[in-house]
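Taking it in order: structure first as structure tokens, then the write-up.
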Amino acid sequence: MRPIADPPGLPARRGAARLLDAVLHKGIPLDGALDGALRGIQRPDDRALARNLASSVLRWLPDLDGLIDGATQRPLPDDSRARMALRTGIAGHLLLGTPDHAVISTTLAQLEGGPRRLAHAVLSRLLREGIKLPEVPTLPGDFHRRWAEAWGEDVADAAARGLAQEPPVDLTLRDPATTDEWAETLGGVSLFPGHIRLARGIAVPQLPGFTEGAWWVQDLAASLPARLLNVQEHDAVLDLCAAPGGKTMQLSAAGGEVLSVDMAPLRLERVRENLTRTKLRADTVAADALKWAPKRQFDRILLDAPCSATGIFRRHPDVLHVKAARDLAPVVALQAALLDRAVAWLKPGGTLVFSTCSLERAEGEDQLAGLLARNPGVALQPVEAGELPDGFAATDGAVRVLPGTVETRGGCDGFFVARLKKA
């Protein structure tokens, strides 16, 4: 008697469940969990589906759990196999178009020796009732309240809309003078010289210009810190916390003599690979910037500091589900220490840009105020409107990019950027 074959797509769904367990219960970032959770899954399409399913669940988690809880008499434990399988099954049906029969077969197959009857009853009821998700996701935890209190209800609502789906793909060009040429070649639009925006889901390595290193993937907001540093030819430039290398490449392309420092050797290797592909040059050092010190001072320093990363939730919805996004004290202290060291390494008259991809005042405006109070020899160098893309604005001399910025043109990540001058 032949064994019953697994239903198609089962490896991907099992992989998605392991990814979700890594993010939700172990605090591992989604991309950092891929190798371990998807070990043994050979087919590229299964691996891609597993990540897509896990990402979809993370975008809509409170709403998916609401549907599940509404179809059970008693709430399932958050870490139960049944809840995890139901999350991936319902997300596949509502967000990826998985047919009813495939939802049931792949969900139940994940629960061999487990509560299959319960899961079957829940799925059957939900599918029979023609369930739907709300128009926009519910932000997890207290993020809607936090961001509404900090920035206004309209910003919190825009964040929820931004969470609903993958954002478009942004590219930064090695040579901004070729913007019109590359926009036409790639079929994209430009929101600023040196920037191209493409449709979401595009296969980046197959695009013209990738192999020859004419551009790299980088969100428009993420490109602002290096732009605002205003590097000149032969400036001595220090890029702290440099991986994955987008800002290093910008600084090198502008003509700077760049030293890139990052404490993660594997991430720094990615910086080197990107430099090789783009035919740009920078020296690299794998070191902890709290213990390492350079042998000279620099004309310009970029500190894109470690942070809660809540501003990149559109591309990485897992950031809203890990502890670092809720407990800010350790990372805020780290940022302050790094800033003070960066100031000491800056030449008199030199420029420092401090940035975080965070939507928290503690990692932006409050951090800047603390820096200025501790370092009287440093002053804010205000950013002018003409230095920014249309739709972006400087507030009190610094740049705060919030959800809703250029939303009708595809939006962008959340960022804080401040530029300072040493007396």
Side-chain angles (χ1 to χ4, degrees), residues 4 6-7 9-30 33 37 49-146 156 160 163-164 313 317-323 325-327:
I4 299 175
D6 286 338
L10 181 59
R13 284 157 177 81
R14 285 175 171 159
R18 291 193 294 270
L19 284 171
L20 290 169
D21 180 65
V23 172
L24 298 174
H25 304 127
K26 300 174 184 176
I28 302 173
L30 182 61
L49 177 57
R51 191 192 185 287
N52 195 2
L53 268 173
S55 179
S56 298
V57 169
L58 293 170
R59 292 180 188 280
W60 295 86
L61 185 61
D63 305 297
L64 292 168
D65 279 348
L67 292 173
I68 294 168
D69 293 341
T72 56
Q73 290 184 341
R74 288 180 296 179
L76 298 170
D78 183 65
D79 60 350
S80 69
R81 290 172 60 201
R83 182 178 288 277
M84 207 67 79
L86 287 167
R87 285 167 170 166
T88 58
I90 298 169
H93 176 63
L94 294 177
L95 300 170
L96 306 182
T98 307
D100 292 12
H101 69 276
V103 171
I104 293 174
S105 64
T106 54
T107 301
L108 298 186
Q110 295 178 66
L111 299 174
E112 199 72 48
R116 299 180 70 178
R117 290 180 62 185
L118 171 63
H120 191 279
V122 171
L123 280 178
S124 297
R125 174 179 171 181
L126 293 175
L127 294 172
R128 185 173 61 248
E129 292 176 352
I131 53 168
K132 292 182 179 180
L133 288 169
E135 188 173 333
V136 296
T138 301
L139 293 174
D142 66 347
F143 282 106
H144 194 286
R145 177 191 60 78
R146 264 167 58 178
L163 183 60
F313 67 89
D318 50 303
V319 301
L320 301 183
H321 298 276
V322 297
K323 183 186 177 194
R326 299 185 294 274
D327 181 11

Worked verdict on Thr88 versus Arg13 for side-chain hydrogen bond (donor to acceptor under 3.5 Å, both in side chains):
CA-CA 7 Å; Thr88 58; Arg13 284 157 177 81; over 6 Å; no
Within a strict 4.5 Å, meaning less than it, do heavy atoms of the Val122 and Leu67 side chains meet?
no
To the closest 0.5 Å, what do you measure between CG (Leu24) and CG (Asp318)?
9.5 Å
Residues Ala119 and Leu108: closest non-hydrogen pair is CB-CD2, 4.0 Å
Can you check whether Leu76's main-chain N or O pairs, donor with acceptor, with Ser80's side chain at less than 3.5 Å?
no
Rounded to the nearest 0.5 Å, the OG atom of Ser56 sits from the CG atom of Leu94 at a distance of 10.5 Å
Asp69 and Arg83: salt bridge (charged side-chain N to carboxylate O under 4.0 Å, His left out), yes or no, with the steps?
CA-CA 9 Å; Asp69 293 341; Arg83 182 178 288 277; 2.6 Å; yes
Just wondering, do Leu19 and Ile28 contact through their side chains at under 4.5 Å, heavy atoms?
no
Ignoring hydrogens and angles, tell me if any N or O in the side chain of Arg14 forms a donor-acceptor pair with the backbone of Gln110 under 3.5 Å.
no
Does Ala102 offer a backbone N or O that forms a donor-acceptor pair with the side chain of Ser105 under 3.5 Å?
yes
Just so I know, are the side chains of Val23 and Pro29 near enough to count as touching, which here means a heavy-atom distance under 4.5 Å?
no
Give every residue pair that meets the salt bridge (charged side-chain N to carboxylate O under 4.0 Å, His left out) criterion with at least one member in residues 106-125, sequence neighbours excluded.
Glu112-Arg116, Arg125-Glu129
Would you compute the distance between atom CD1 of Ile131 and atom CG of Leu126 and round it to the nearest 0.5 angstrom?
4.5 Å
Taking His321 for the side chain and Leu58 for the main chain, is one N or O donor matched with an acceptor at less than 3.5 Å?
yes
Rounded to the nearest 0.5 angstrom, the CE-CG distance for Met84 and Leu20 is 5.5 Å
Do the side chains of Pro134 and Trp60 get nearer than 4.5 Å, heavy atoms only?
yes
Please lay out, stage by stage, how Asp21 and Arg81 fare under the test salt bridge (charged side-chain N to carboxylate O under 4.0 Å, His left out).
CA-CA 10 Å; Asp21 180 65; Arg81 290 172 60 201; over 6 Å; no
Would you check, one step at a time, whether the test side-chain contact (heavy atoms from CB on, under 4.5 Å) holds for Thr107 with Val103?
CA-CA 6 Å; Thr107 301; Val103 171; 4.1 Å; yes
Can you check whether Val57's main-chain N or O pairs, donor with acceptor, with Arg87's side chain at less than 3.5 Å?
no
Would the distance check show the side chain of Asp63 and the main-chain N or O of Thr138 forming a donor-acceptor pair, the cut-off being under 3.5 Å?
yes
